[in-house]
Amino acid sequence: MSNIGIAVSQPGIDVKTAADELLTFSSAFRSLKIYATYTGNTTIPASGSNFVTFTHNLGYFAPFIVVYNGSTTLGQTYSYFMSDSVFPLSVQMTTTELKIEVDEFFDQGFSNTGDTVYFTAYVMLDDFSSYTADTILTDTTTSTSDNNYGFAVSKDGLDVKTCDEEELVLSSGYFTNTVHKKGEATSTFAHGLDYVPSFLSYTQYSGDSYLSIDRFSMICDDTNASINISAGDTVYYVIFKTE
Amino acid sequence: MSNYGIAVSADGFDVKTCDDKDLVITSKYNALKGSISGSGSVSVPQTAATQTVTIPHGLSYIPMVQAYALDRNGYYFDQKWFELPVITFIVGAEVFWQARADSTNVYLRFSYDDFGFGGSNVTVDYKYFIFIDKGNLQ
């Protein structure tokens, strides 16, 4: 594929020679777009489960991130990515909703029955239709420049010069999590990068109509994404170019 | 919402007519933005004593953080990168890997407990990715 379009590198990095994963943005590669953010809470029951439900109505499975923001007992000083203090969260992503299950064992040892537990969630606009980005450049130059020049794009209603950095659609000051490959998998596959990438993965267990979090269903080395599931299960994944 | 700003479609898609999800970027939706990434190694005794790697992020709020780790000695795991958290009870050992963040730091915490067997330290390699996007929107 010819490399035409727009590319932006971080300050201090030559945009013509930067490795793919060091570009802030490139029209050659997709990035995950945040469809919506949510906050919610519920209480830890004495038995059974309570659910925090966020309705997205996208009509398809989408990548998501859920952050546990603490509880009445634990406090809200720390947050945990896709887990409680100890275990991965029990989450169900359907084609219309994202549901977080809180049962009597939630955050066991750190939170108590009756505690209010708090969550932040991101649902992406992107789906899991099969996609593999080309590899264009593989230079290993890195930079940590703090110079704030380049370009920035704000959302409607926000002043690009004064809004907070995290409110920007895009900024040449920060990496965009460029998508290298996404789709569905039922067996181990070569990811095509010669380094260990970052990724998001979700599992649809046989018979379920939703995606769940399972830390061991997909693990990566510098060659392959190893899929460790039972017959009938499917892993939905997004692999980033970020090393 | 009025549709103005910037939009870039992927190769093969008409930027004016394709679905928003097929755009590389659009000013209608924020991109998930990375900030700081890094890696390192930590030596963890098998005495249940938690080893904590503290990483200042400089953001003044709680960010999202994703982390992976590899048990370089291969005592209890295949030598592949696992996404944190990992807690597992194996015959002869309990292993706990966790990532959390506050408004100042990211903390990667590792512990091994071989229940007094006296095994030597485990070397754990780790990688982390800190997002600009907030981890706590409460």
Side-chain angles (χ1 to χ4, degrees), chain A residues 1 5-6 25-35 37-39 41 65 67 69 76-83 85-88 118 120 122 124-127 131 144 153-156 165-171 174-177 196 198-201 215-216 219-221 226 242-243, chain B residues 1-6 8-11 19-37 39 59 61-68 70 78-88 96 98-103 107 127-129 131-138:
Chain A
M1 180 180 77
I6 182 172
F25 167 74
S26 166
S27 52
F29 308 123
R30 300 190 181 208
S31 302
L32 288 188
K33 299 171 287 295
I34 301 168
Y35 170 70
T37 59
Y38 307 91
T39 59
N41 62 79
I65 295 170
V67 183
N69 299 134
Q76 294 188 66
T77 299
Y78 300 106
S79 289
Y80 305 81
F81 185 93
M82 303 282 253
S83 73
S85 303
V86 178
F87 292 102
Y118 303 89
T120 294
Y122 288 72
M124 307 305 162
L125 182 68
D126 310 76
D127 61 14
Y131 165 75
T144 57
V153 180
S154 68
K155 288 182 71 173
D156 184 17
E165 294 286 343
E166 70 270 15
E167 294 174 316
L168 292 170
V169 170
L170 191 65
S171 166
Y174 303 103
F175 292 116
T176 304
N177 258 18
V196 181
S198 63
F199 62 91
L200 294 170
S201 69
R215 280 291 190 271
F216 295 104
I219 53 178
C220 287
D221 60 22
S226 298
T242 311
E243 182 172 359
Chain B
M1 180 171 64
S2 51
N3 189 15
Y4 60 88
I6 182 173
V8 178
S9 64
D11 187 19
D19 293 335
D20 287 343
K21 65 178 173 66
D22 292 319
L23 292 170
V24 170
I25 202 75
T26 165
S27 46
K28 285 172 67 175
Y29 300 103
N30 285 7
L32 194 62
K33 296 174 285 297
S35 170
I36 305 165
S37 62
S39 60
L59 291 170
Y61 55 81
I62 301 173
M64 287 194 289
V65 59
Q66 192 178 23
Y68 304 83
L70 178 148
D78 289 341
Q79 290 182 294
K80 295 182 186 294
W81 290 88
F82 291 84
E83 188 176 5
L84 272 58
V86 168
I87 179 166
T88 188
F96 176 67
Q98 181 201 64
R100 66 184 186 184
D102 63 19
S103 59
Y107 306 92
K127 301 165 55 128
Y128 59 87
F129 303 89
F131 297 90
I132 283 292
D133 305 272
K134 289 181 175 176
N136 189 340
L137 293 170
Q138 300 285 339

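Naming: A, B, ... by sequence-line order, numbering from 1 per chain. Keep in mind the model is a prediction, meaning the values are calculated, not measured.
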Looking at side-chain heavy atoms only, is the closest gap between B:Gln66 and A:Leu200 below 4.5 Å?
yes
Has the side chain of A:Tyr122 got a donor or acceptor atom that lies under 3.5 Å from a matching backbone atom of B:Lys134?
yes
Closest non-hydrogen atoms of B:Tyr29 and A:Ile34, given as atom of the first, atom of the second and distance, are CD2-O, 3.3 Å
Within the distance-only criterion (no hydrogens, no angle test), does the side chain of B:Tyr68 pair as donor or acceptor with the backbone N or O of A:Phe199 below 3.5 angstrom?
yes
Between atom CG of B:Asp102 and atom CD of A:Gln76, what is the distance when rounded to the nearest 0.5 Å?
13.0 Å
In Å, rounded to the nearest 0.5 Å, how long is the span from CZ of A:Phe81 to CZ of B:Phe131?
5.0 Å
Heavy atoms only, distances under 4.5 angstrom: which of A:Met124, A:Met82, A:Arg215 has the most pairs with chain B? Name it, please.
A:Arg215
Find the one option among B:Leu84, B:Asp19, B:Val86 whose heavy-atom pairs under 4.5 Å with chain A are most numerous.
B:Leu84
Taking all non-hydrogen atoms of both residues, which atom of B:Lys21 and which atom of A:Asp126 are closest, and how far apart?
O-OD2, 4.0 Å
Tell me which of these, A:Thr37, A:Val196, A:Asp221, has more heavy-atom pairs under 4.5 Å with chain B than the rest.
A:Val196
If I compare all heavy atoms of B:Pro85 with all of A:Pro88, which pair ends up nearest, and what's the gap?
CG-N, 4.3 Å
If one checks every heavy atom of B:Phe82 against chain A at 4.5 Å, the contacting part turns out to be both
A:Tyr35 versus chain B, the contacting section by heavy-atom distance below 4.5 Å:
both
Calculate, to the nearest 0.5 Å, the distance between atoms CD and CG belonging to B:Gln138 and A:Asn69 respectively.
5.0 Å
Please confirm whether the backbone N or O of B:Leu23 pairs with a side-chain atom of A:Lys33, one donor and one acceptor, at under 3.5 Å?
yes
Once rounded to the nearest 0.5 Å, what's the spacing between atom OG1 of A:Thr77 and atom CD1 of B:Ile62?
7.5 Å
Would you confirm whether B:Gln98, through its side chain, and A:Ser85, through its main-chain N or O, come within 3.5 Å as a donor-acceptor pair?
yes
Nearest 0.5 Å, please: how far is CD1 in A:Ile65 from CG in B:Asp133?
8.0 Å
Quick one: what part of A:Phe216 sits under 4.5 Å from any heavy atom of chain B, side chain, backbone, both or neither?
side chain
If we ignore hydrogens and angles and just use 3.5 Å, is the side chain of A:Thr120 paired with the main-chain N or O of B:Leu137 as donor and acceptor?
yes
Say you draw a straight line from CG of B:Leu70 to CD1 of A:Ile219; how long is it, rounded to the nearest 0.5 Å?
9.5 Å
